[in-house]
2 protein chains.
Amino acid sequence: LSTQAPKGTRDFYPADQKWQNFIFDTWKQVCIQFGYEEYEGPIFEHLDLFTDKSGDEIVTQLYNFQDKGGRDLALRPEMTPTLARLVNQKNRQLKKPFKWFSMPRLFRYERAQKGRLREFFQLNMDIMGTPSIYAEVDLLLAIIAMLQQFKLTQKDFIIGISSRRVLAAFLQQIGIEQADAVYPVLDKQAKISREDFMQKLKECGIDLPLAQQLDEFMQCKTIDQLVPFLQSEPAIMAFKELQTLFAALQQLGMQDYITLDLSIVRGLAYYTGIVFEVFDAQKSMRALAGGGRYDNLCARLGGEAVTGVGFGMGDVVLKNLLEEKQLLPTEFATDPDVFIAVFGDNLLPAFSLAQSLRKGGLKVAQTLQKQKFNKQLDAANACGAAIVLFADSEANTATHIEGKVMATGEQTLFAHEQLLQGSIVHGTIKEN
Amino acid sequence: LSTQAPKGTRDFYPADQKWQNFIFDTWKQVCIQFGYEEYEGPIFEHLDLFTDKSGDEIVTQLYNFQDKGGRDLALRPEMTPTLARLVNQKNRQLKKPFKWFSMPRLFRYERAQKGRLREFFQLNMDIMGTPSIYAEVDLLLAIIAMLQQFKLTQKDFIIGISSRRVLAAFLQQIGIEQADAVYPVLDKQAKISREDFMQKLKECGIDLPLAQQLDEFMQCKTIDQLVPFLQSEPAIMAFKELQTLFAALQQLGMQDYITLDLSIVRGLAYYTGIVFEVFDAQKSMRALAGGGRYDNLCARLGGEAVTGVGFGMGDVVLKNLLEEKQLLPTEFATDPDVFIAVFGDNLLPAFSLAQSLRKGGLKVAQTLQKQKFNKQLDAANACGAAIVLFADSEANTATHIEGKVMATGEQTLFAHEQLLQGSIVHGTIKEN
């Protein structure tokens with residue numbers, strides 16, 4: 001019987017899970033600081049929730065199956081369809097706009113490779129029910145605050161921002177009608193040579209003069225450079241929205257974190273407005289996060305029209321980046337404050353002591369079987385305890401208990417009363 | 001397109017998720033207080049991990065499927081096989097004994113009914129690598145501390161304890177050889193009449209005199225009552241272990257939470273020692289938790305022999321009980337401290353203010369679009385904010401900001417400096 005996890009999935013031993021929790025806790029903390037509320041849904045959904053949104057071709061990447069009642073189900077490959085389903089189910093009862101987040105497990109049957117697994121976690125933050133560009137401002141501020149909370153700086157990551165509305169209006173303005181065929185080419189523009197780019201546009205049936213106009217447009221690196229290209233009414237309206245977003249983020253001091261990047265199109269068919277992706281500064285990894293505005297999704301899935309904007313941030317690329325930058329922590333708030341080692345045969349006094357120390361708020365591990373003292377110290381070390389107390393049969397009633405501060409190796413007497421009332425940080429007793 | 005979740009699964013809107021988080025956070029807090037370390041594994045495993053452990057008949061309750069690479073996989077119906085796989089994979093590197101916990105999502109294709117869903121969460125706590133009965137003591141203390149943390153008392157729940165070793169030794173002592181056929185009958189003993197019990201034993205091929213002996217034995221309600229029944233050497237050894245467990249828990253003041261219940265057998269074939277189940281005091285619900293010692297599991301799954309003891313506590317019955325006892329909280333630490341409402345057209349000063357308040361540690365939501373003031377107050381109320389600040393275009397530089405304490409309706413001036421440095425509890429500013 002194999003002891004390996006299924007291909008593309010991960011086992012999280014305690015040392016791994018501590019890092020996962022560091023990521024989850026940081027995600028959650030910033031979401032809550034920004035006033036987002038958590039939601040969740042089932043791990044599997046009816047298959048048509050995904051095919052109706054993204055088309056049948058997505059089935060090739062799905063873990064889909066029939067249950068024993070003949071239902072066609074699929075493990076969720078993304079959270080947004082579930083979000084839209086929840087909104088459609090209770091649309092009238094939901095006060096809008098609302099800000100929600102979730103940290104779902106997602107599943108995609110893809111070739112497993114660096115930064116991409118078959119089972120992964122993804123933070124989702126979404127604002128539903130407002131067309132205001134300040135929803136985008138709120139989300140982008142939250143992304144920056146979150147990456148800062150991980151101790152990443154403007155030297156480590158950059159948010160590329162574009163607008164599907166601007167792209168669509170410009171294509172229309174210059175007379176390109178096959179927008180859906182052109183988007184995938186624009187999406188590749190930053191990664192391929194100019195010749196390849198022009199060649200691919202030609203393959204889409206774009207004449208050379210139009211292709212040249214599009215190429216010039218795509219060279220724009222700032223909002224100001226865009227101005228002369230946008231002349232139609234829809235193009236100017238779309239531009240103003242993008243301009244408001246950049247101006248707001250600049251006024252809030254975020255100019256070093258953002259850049260105009262017209263090659264960001266986002267593969268999914270449902271984006272309608274602002275789109276953005278977050279990359280490591282060297283762009284040496286896959287995207288850290290990506291999202292945008294999707295104003296038609298709820299209606300597309302059979303509900304009323306509800307505007308939405310949101311993003312997903314996966315755990316895999318983020319953890320790779322934090323590892324590379326050596327920003328994963330080595331000490332964890334969940335490690336025990338105290339490990340109670342036992343002299344002699346009677347384990348019960350140690351259990352009594354443990355119970356009373358826990359009532360005072362300490363995190364307490366202890367010896368569970370008769371064991372050599374060195375083995376007990378090893379165990380204390382392995383679980384990351386800050387101090388070890390040496391419990392004899394009087395431990396529970398003594399005024400002082402001998403112990404050892406693990407970080408320094410210092411042996412000392414701890415006042416029982418202080419242990420009962422205090423909390424211990426890195427082996428030092430801190431009074432409440 | 002249906003807006004319903006698949007049968008037997010749940011949607012967690014923010015109001016539901018707050019309760020789930022209350023359960024998860026409490027589980028986790030007590031695990032950490034007791035020095036257990038968190039682990040996790042994949043949502044699906046290779047099918048044979050489950051069939052090798054529990055036999056092919058379990059497949060009827062599994063969500064099993066082939067992935068696109070032809071692998072036979074199954075959504076995990078329990079966590080213990082994954083735990084055993086992890087232990088078998090790194091057995092030599094793991095310092096023993098160790099205490100681990102996990103809060104997996106599990107999946108069983110069963111008839112959905114009260115207290116039983118097709119997708120649910122289950123706290124698992126396990127101690128591996130020690131035969132010491134103090135592992136059982138540790139787990140049972142943790143269960144009691146956990147249910148107390150939920151504000152449940154000895155009037156609300158009871159832990160029934162038995163021993164597969166005692167049962168097996170007694171059956172052997174009186175000459176019953178078909179133990180595997182008898183266990184399911186003993187498991188039902190408390191729920192059926194004496195006549196039905198005797199009839200079912202007869203159907204197992206147990207002669208009347210033996211059945212009567214077994215019936216008398218099963219009437220034992222205390223440890224002391226067991227003594228005269230246990231005469232063989234293995235029966236006496238097994239009894240002593242059970243006696244030590246009860247004595248330890250009594251000395252630790254837990255006598256009101258535990259009872260001897262010989263009808264607890266536990267369905268799963270792999271338990272070898274102490275077994276226990278936790279019920280609401282009226283036994284009106286399904287079990288809150290159940291577990292025991294399983295010393296052969298790792299070996300059965302192809303690894304070396306590693307002793308283990310653990311339990312699972314599901315979220316569904318627990319939540320039903322907390323609901324019935326009105327112990328689910330109504331205020332949550334994740335609700336925003338401040339909601340910033342906006343006078344006028346310019347939302348930017350409110351964003352600046354929000355950013356600086358978050359730096360001081362406050363949880364801040366805010367208005368995202370031009371909106372009538374009453375609508376903004378509604379939004380503040382809906383998200384559970386403690387105070388609303390009224391931001392005009394000077395809000396970010398003013399020395400005082402007008403606001404409203406939501407709980408009392410009191411309108412007052414908040415000192416900007418205090419907001420930046422303070423934290424707010426139920427609308428009252430608390431200085432750090």
Side-chain angles (χ1 to χ4, degrees), chain A residues 1-3 5-6 9 11-14 17 32-33 35 37-46 48 52 63 65 67-68 71 73 85-86 88-89 95 97 100 105 109 119 130 132 134-135 137-138 248 251-252 301-302 334 336 347-348 351-352 355 358 363-365 368-369 378-379 382-383, chain B residues 1-3 5-6 9 11-14 17 32-33 35 37-46 48 52 63 65 67-68 71 73 85-86 88-89 95 97 100 105 109 119 130 132 134-135 137-138 248 251-252 301-302 334 336 347-348 351-352 355 358 363-365 368-369 378-379 382-383:
Chain A
L1 195 61
S2 167
T3 63
T9 72
D11 291 327
F12 298 100
Y13 287 87
Q17 186 62 32
I32 287 165
Q33 272 175 0
E37 295 185 280
E38 192 171 359
Y39 72 100
E40 246 290 9
I43 283 282
F44 51 75
E45 293 273 6
H46 294 290
D48 54 10
D52 276 28
Y63 283 93
F65 57 94
D67 76 5
K68 292 183 166 48
R71 292 173 194 83
L73 302 172
R85 182 176 64 69
L86 263 65
N88 285 345
Q89 193 181 130
K95 278 234 162 69
W100 283 5
R105 278 185 175 223
Y109 191 80
E119 180 185 36
T130 175
S132 165
Y134 285 94
V137 172
D138 201 68
Q251 284 187 61
L252 292 164
L301 293 176
T334 51
L347 295 176
L348 265 185
F351 274 90
S352 292
Q355 287 283 83
R358 284 181 195 124
K363 304 183 286 283
V364 184
L368 296 174
Q369 61 186 2
D378 284 353
C383 76
Chain B
L1 195 59
S2 167
T3 63
T9 71
D11 291 328
F12 298 99
Y13 287 86
Q17 186 62 31
I32 287 165
Q33 272 175 2
E37 296 185 281
E38 190 171 359
Y39 72 100
E40 245 289 11
I43 282 281
F44 51 76
E45 293 274 7
H46 294 290
D48 53 9
D52 276 27
Y63 282 94
F65 58 94
D67 77 3
K68 293 183 165 49
R71 292 171 195 85
L73 302 173
R85 182 175 66 69
L86 263 64
N88 284 346
Q89 192 182 130
K95 279 233 163 68
W100 284 5
R105 277 185 176 223
Y109 191 80
E119 179 184 36
T130 176
S132 165
Y134 285 94
V137 172
D138 201 69
Q251 284 187 60
L252 292 164
L301 293 177
T334 51
L347 296 177
L348 265 185
F351 274 90
S352 291
Q355 288 283 83
R358 285 181 195 124
K363 304 183 285 288
V364 184
L368 296 173
Q369 61 186 2
D378 284 352
C383 75

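Being a predicted model, the structure only gives us computed values, none of them experimental. Convention: sequence-line order gives letters A, B, ...; per-chain numbering from 1.
Atom NZ in A:K95 sits 11.0 Å away from atom SG in B:C383 (nearest 0.5 Å). With rounding to the nearest 0.5 Å, the separation of OG1 in A:T130 from CG in B:L368 is 6.5 Å.
Counting heavy atoms from C-beta outward, B:Q17 and A:W100 have side chains that stay 4.5 Å or more apart. In this structure, the side chains of B:D138 and A:F351 come closer than 4.5 Å at one or more pairs of heavy atoms.
Remark: the backbone N or O of B:L252 is not paired with any side-chain donor or acceptor of A:Q355 at under 3.5 angstrom. Side-chain atoms of A:E119 come within 3.5 Å of backbone N or O of B:I43 as a donor-acceptor pair. No side-chain donor-acceptor contact under 3.5 Å links B:T334 to the backbone of A:I32. Remark: side-chain polar atoms of A:E40 are not paired, donor with acceptor, to backbone N or O of B:F12 under 3.5 angstrom.
Taking all atoms of both residues into account, the shortest heavy-atom contact from A:P14 to B:E37 is CB-CB, 3.8 Å. Residues B:G35 and A:P336 approach most closely at CA-CG, 4.4 Å, considering heavy atoms. Heavy-atom minimum distance, A:R85 versus B:A5: NH1-N, 3.3 Å. Looking at every heavy atom in both residues, B:Q369 comes nearest to A:S132 through CB-CB, 3.7 Å.
Considering only residues two or more places apart in sequence or on other chains, B:E38 meets the side chain to side chain donor-acceptor pair (under 3.5 Å) condition with A:N21, B:K28. Residues passing the side chain to side chain donor-acceptor pair (under 3.5 Å) test with B:D67 are B:R71, sequence neighbours excluded.
Comparing A:A248, A:A382, A:S2, A:A135 by how many heavy-atom pairs each has under 4.5 Å with chain B, the most go to A:A248. Of the listed residues (B:A379, B:P97, B:P6), the greatest number of heavy-atom pairs within a distance under 4.5 Å of chain A belongs to B:P6.
Both the backbone and the side chain of A:K68 come within contact range of chain B, each with at least one heavy atom under 4.5 Å from a heavy atom of that chain.
Using the six-membered ring where Trp is involved, B:Y63 and A:F44 have ring planes that are tilted, between 30° and 60° apart.
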